[in-house]
Amino acid sequence: MLPVRVDRELQSLLGSLPGAARVTARGDEDARIEGSAQRVTFEGRRGPDLPLGDALVRGRWMHRPGEVVVGSAFLRRNGVHIGDHLRLRKSGRQEEVTVVGEQMQENDRVVAGTWPTFTALVPDGKAFAYHVKLREGTDGTAYARAARAVDTGLSTQLTGPSNGAETIIGSAAALTLMLALVASLGVFNTAVLNTHDRRRDLGMLKSIGMTPRQVTVMTVTSMAVLGVIGSVQGVPLGIAAYEVVVPRMAAGIDLTLPSYMTDVWHAPKPAGLALAGLVIAVVGALVPARRAARLTVAEVLHNE
């Protein structure tokens with residue numbers, strides 16, 4: 001981002017530098033909503049990349065003059081819906097705009113529109129920031145140096161791809177592995193207690209010819225049945241809890257998540273989770289089962 005008050009010429013110069021893919025200008029001005037004391041920050045965007053990396057929840061991005069996109073918090077706190085018309089006022093001027101989209105934005109004051117809409121309300125409005133998308137493989141530091149050479153008053157800030165999603169996914173994966181480990185230990189403990197309580201039965205079965213392999217299979221199978229039952233009950237309950245908790249967590253910080261972030265339960269994933277429950281049960285029961293298989297009739301009689 002280049003926070004500096006410049007004009008179209010600088011935007012063109014920044015776009016002509018080596019490595020620049022596209023350049024979008026942004027300007028902000030305070031305004032009011034007619035009939036309300038609510039102050040808003042009207043944000044005008046000029047260039048080929050109007051979304052600027054923001055996530056669209058519903059509707060579409062603005063394309064024509066008079067179209068704006070607002071955040072989830074703005075819609076909730078002002079009782080506005082997509083398709084509604086607003087009248088913005090600034091220094092005696094007014095402009096009617098139509099809300100055409102909702103973006104994932106917790107700021108309840110931001111209204112983003114096209115540059116013609118911005119200049120219609122603020123004729124002398126200037127861009128103060130430029131967002132430059134670099135081509136893949138471009139050295140960001142070298143580009144920033146070249147940009148400062150164009151105008152020594154520029155202040156540059158390099159930003160890479162957001163690692164927020166990677167952090168969340170990594171944390172969720174680590175938590176999942178920890179829960180799987182705890183579940184395996186729970187199965188292990190249950191299997192140990194179960195085989196200990198059934199020592200007499202196991203001894204009798206071995207005395208009439210049951211082999212160690214058969215004892216192992218029997219013990220593991222009994223735990224696997226519990227794993228299947230747990231999966232059949234747990235997966236639907238987990239999905240239901242997800243559908244209830246996640247939207248409410250987002251609403252707690254005035255956000256509405258786009259569908260591509262929440263519609264994650266496709267057929268292979270629940271099946272994989274159900275299979276994971278079976279695997280956890282088998283892994284947790286394997287060691288106690290092998291231990292029970294090595295139990296001799298003499299040991300059982302001695303303990304009795």
Would the distance check show the side chain of [X] and the main-chain N or O of [Y] forming a donor-acceptor pair, the cut-off being under 3.5 Å?
| X | Y | value |
| --- | --- | --- |
| S231 | A274 | yes |
| R93 | R89 | no |
| Q103 | Q105 | no |
| Q233 | G230 | no |
| T117 | G113 | no |

Got [X] and [Y] here, is their nearest side-chain heavy-atom distance under 4.5 Å?
| X | Y | answer |
| --- | --- | --- |
| L278 | I280 | no |
| V70 | V110 | no |
| W61 | L50 | no |
| K90 | F42 | no |
| I239 | V235 | yes |
| T119 | D124 | no |
| V69 | V99 | no |
| L75 | R58 | yes |

Take T216 and V220 through the test side chain to side chain contact (heavy atoms under 4.5 Å, CB included) and record every step on the way to the result. CA-CA 6 Å; T216 302; V220 171; 4.3 Å; yes
Exactly one of M62, R64, R45 clears side-chain contact (heavy atoms from CB on, under 4.5 Å) with T114, and that residue is M62
Shortest non-hydrogen separation from [X] to [Y] and the atoms involved:
| X | Y | result |
| --- | --- | --- |
| G140 | L134 | CA-CD1, 3.8 Å |
| T98 | H85 | OG1-ND1, 2.9 Å |
| V40 | F74 | CG1-CE1, 3.8 Å |
| E67 | H63 | OE1-N, 2.9 Å |
| N78 | D108 | ND2-O, 4.1 Å |
| L121 | A31 | CD2-CB, 4.1 Å |

Nearest-0.5 Å distance that lies between atom [atom1] in [X] and atom [atom2] in [Y]:
| X | Y | atom1 | atom2 | value |
| --- | --- | --- | --- | --- |
| K126 | E29 | NZ | CD | 11.5 Å |
| D151 | L154 | CG | CG | 4.5 Å |
| L181 | L177 | CG | CG | 9.0 Å |

Report yes or no: do Y143 and R135 form a side-chain donor-acceptor pair below 3.5 Å? no
Does [X] belong to the same Ile/Leu/Val/Met/Phe/Trp/Tyr cluster as [Y], with side-chain heavy atoms less than 4.5 Å apart forming each link?
| X | Y | result |
| --- | --- | --- |
| V122 | L86 | yes |
| V217 | V225 | no |
| V279 | L185 | no |
| V111 | I33 | yes |
| F118 | Y130 | no |

Flag the pair E95 and R87 as a salt bridge only when some basic side-chain nitrogen lies within less than 4.0 angstrom of an acidic carboxylate oxygen. no
Ion pair R109/D30, N-O distance below 4.0 Å: yes
Test side chain to side chain contact (heavy atoms under 4.5 Å, CB included) on L88 and V97 and set out the steps. CA-CA 7 Å; L88 302 179; V97 297; 4.2 Å; yes
Decide side-chain hydrogen bond (donor to acceptor under 3.5 Å, both in side chains) for T156 and R148; before the verdict, give the C-alpha distance in whole Å, the side-chain angles of both, and the deciding distance to 0.1 Å. CA-CA 8 Å; T156 60; R148 287 193 295 268; 2.7 Å; yes
Please test H81 against D84 for side chain to side chain contact (heavy atoms under 4.5 Å, CB included), starting from the C-alpha separation and ending with a verdict. CA-CA 6 Å; H81 302 86; D84 287 355; 3.7 Å; yes
